[in-house]
Visitor: 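Just dropping this structure here.
Naming: A, B, ... by sequence-line order, numbering from 1 per chain.
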There are 2 protein chains.
Amino acid sequence: MNRQTQHPDRPLRADAERNRTKILEAAAQVFAEQGLEATLDEVAAVAGVGVGTVYRRFPDKESLIGTLFDNAVDEIANLAHSAATRTNSWDALVWFLEEALQRQCSNRGLRDVVVGSPYAVDRMAEAKRRITPSIKFLVERAQRDGFLRDDVVGGDIPVLEMMISFLGNLTSTSAPDLWRRYLTIVLDGLVVARTEPSPLQAFPRHDVVSEALHSVHRHVGRAT
Amino acid sequence: MNRQTQHPDRPLRADAERNRTKILEAAAQVFAEQGLEATLDEVAAVAGVGVGTVYRRFPDKESLIGTLFDNAVDEIANLAHSAATRTNSWDALVWFLEEALQRQCSNRGLRDVVVGSPYAVDRMAEAKRRITPSIKFLVERAQRDGFLRDDVVGGDIPVLEMMISFLGNLTSTSAPDLWRRYLTIVLDGLVVARTEPSPLQAFPRHDVVSEALHSVHRHVGRAT
DNA sequence: TGGAAACGGAGTCACACACTCCGGTTAGAG
DNA sequence: CTCTAACCGGAGTGTGTGACTCCGTTTCCA
């Protein structure tokens with residue numbers, strides 16, 4: 001039974017509203033760090049409230065994640081839109097990728113949604129519908145201006161983003177900017193032509209990279 | 001208790017040996033398709049034997065996965081080694097990436113090990129030790145010959161492979177060759193300079209891509 | 001100040017899997 | 001052919017996990 005809508009519209013009591021906010025913030029942080037596998041108990045702990053309180057505001061885990069996801073999509077949609085207002089079409093595309101990736105790379109929860117965790121499956125469709133047109137515009141404009149190779153397509157951009165952000169998620173704890181190095185390489189592959197490579201951010205010490213890979217262990221279960 | 005080593009060396013009975021092989025083949029297939037989360041019950045079912053039989057040959061899940069992983073590493077090490085014997089240094093590097101990725105992209109289990117599933121953690125170190133030198137050679141030779149940009153490093157190759165193979169894993173069921181498109185772009189980013197883009201494989205219909213993303217659902221649990 | 005609204009968090013429940021156990025079957029040595 | 005050690009199947013066990021509920025207590029605010 002859904003407890004939160006006795007009178008659908010009555011505003012929440014002050015403390016309740018305060019807690020709702022704390023929960024949302026905590027959830028954003030916890031899911032970003034741990035992915036959607038994180039427990040609502042943990043979210044509650046970080047928010048400094050009891051689990052009961054979480055369930056009083058959000059009927060179930062999915063709806064909490066949904067709210068969060070909608071916010072994230074809003075943000076990215078805005079990014080794409082405001083990139084479109086920039087004058088230099090190549091810089092606009094690069095800027096969009098950098099900004100979007102910065103968010104995606106530090107948000108494991110977002111990845112989980114995209115990869116198809118059962119939470120918020122249908123919201124993905126809506127998200128794509130909202131973002132696709134802006135990206136298409138960015139791509140085609142950069143092509144008209146002779147920056148971007150002609151054989152790529154709007155749909156390639158999300159795929160490339162996904163590809164890079166996986167890497168980012170994996171290394172986010174110990175080499176949080178490593179993904180930029182590979183974005184540069186990809187961008188050098190997207191440009192129509194070039195006479196020399198763009199400068200790359202330094203490659204981290206090997207132990208950092210491998211440690212990064214193995215610091216993932218959320219669930220060290222069963223295999224002890 | 002470990003049941004399989006009564007007399008460490010005695011050869012297995014004919015039927016037992018036959019089953020061991022069936023189990024190994026089934027496990028390779030199942031883990032490649034589903035990742036390491038797959039159940040040994042499922043492996044047994046595919047192999048056409050009972051779970052008990054699986055546990056009689058392999059003391060636990062980890063050791064079965066370990067055996068499989070060692071095989072996969074062998075294969076990739078051989079690839080790297082035999083790439084080194086090729087005369088054209090750029091073609092050698094590209095060939096290695098294509099071959100290695102073809103394997104990694106169709107093997108979700110491999111990804112799980114690399115990403116740090118608790119199975120076979122220490123085997124990773126050994127694997128890296130074996131493969132790293134050959135890759136270093138491939139990279140530096142291609143740089144000396146003026147093909148590969150100078151600012152990349154041996155360690156970049158596994159990272160790029162990882163990045164692309166995530167994508168591959170995600171789309172392996174419905175667009176099994178999609179990763180090649182993005183490998184081409186990355187390679188165009190790795191080359192020292194170029195006057196035009198390399199030809200790209202066609203971009204699939206949009207519905208294929210998104211369906212690909214959402215066909216992943218291994219565990220549709222809890223979120224119904 | 002009364003009572004509706006909100007709170008906390010121990011407890012419930014359902015499920016998922018790695019692994020075991022044992023009664024029945026079979027290979028293959030003598 | 002026979003006999004037994006080796007092998008087999010798969011129902012069952014044990015453990016862990018995590019979403020969600022319940023209810024006695026506390027807090028807001030009219």
Visitor: Check this one for me: any side-chain N or O of A:Thr53 less than 4.0 Å away from OP1 or OP2 of C:dG8?
Guide: yes

Visitor: Just how far, in rounded Å, is C1' of C:dA18 from OH of B:Tyr55?
Guide: 4 Å

Visitor: By nearest heavy atom, map B:Asp60 and A:Glu17 onto DNA chain C; which one lands nearer the 5' end?
Guide: A:Glu17

Visitor: Taking side-chain hydrogen bond (donor to acceptor under 3.5 Å, both in side chains) as the definition, give me every residue that meets it alongside B:Arg86, ordered by chain and number, with sequence neighbours left out.
Guide: none

Visitor: Between the protein and nucleotides 11-13 of chain C, list every N/O to N/O distance that falls short of 3.5 Å.
Guide:
none

Visitor: Can you list everything that forms a side-chain contact (heavy atoms from CB on, under 4.5 Å) with B:Ala72? Sequence neighbours excluded, please.
Guide: B:Leu110

Visitor: Provide, to the nearest angstrom, the distance between the CG atom belonging to B:Leu36 and the P atom belonging to C:dA18.
Guide: 11 Å

Visitor: Under the side-chain contact (heavy atoms from CB on, under 4.5 Å) test, which residues partner A:Asp41, sequence neighbours left out?
Guide: A:Thr39, A:Val51

Visitor: Nearest-Å distance, CG (B:Leu40) to C1' (D:dA11)?
Guide: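 The answer, rounded to whole Å, is 17 Å.
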
Visitor: With a 4.0 Å cut-off, would you call B:Arg129 and B:Glu126 a salt bridge?
Guide: yes

Visitor: So, is B:Asn19 close to the D:dC8 phosphate, meaning a side-chain N or O under 4.0 Å from OP1 or OP2?
Guide: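 Yes.
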
Visitor: Just jot down the side-chain hydrogen bond (donor to acceptor under 3.5 Å, both in side chains) partners of B:Asp112, sequence neighbours excluded, or say none.
Guide: none

Visitor: Rounded to whole Å, please give me the gap between CZ in A:Arg56 and P in C:dG8.
Guide: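 Going from CZ in A:Arg56 over to P in C:dG8 covers 8 Å.
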
Visitor: Could you tell me how far apart A:Arg57 (CZ) and C:dC7 (C1') are, to the nearest whole angstrom?
Guide: 10 Å

Visitor: So if I define the base as every atom that isn't primed, P, OP1 or OP2, how would nucleotides 24-30 of chain D read as a B/S/- string at a heavy-atom cutoff under 4.0 Å?
Guide: ---BSS-

Visitor: Applying salt bridge (Lys or Arg N to Asp or Glu O under 4.0 Å) as the test, list every pair that has at least one member in residues 156-170 of chain B; sequence neighbours left out.
Guide: A:Arg181-B:Asp156

Visitor: Not counting sequence neighbours, which residues clear side-chain hydrogen bond (donor to acceptor under 3.5 Å, both in side chains) with A:Gln201? List them please.
Guide: none

Visitor: What residues, two or more places apart in sequence or in another chain, satisfy side-chain hydrogen bond (donor to acceptor under 3.5 Å, both in side chains) together with A:Asn19?
Guide: A:Lys22

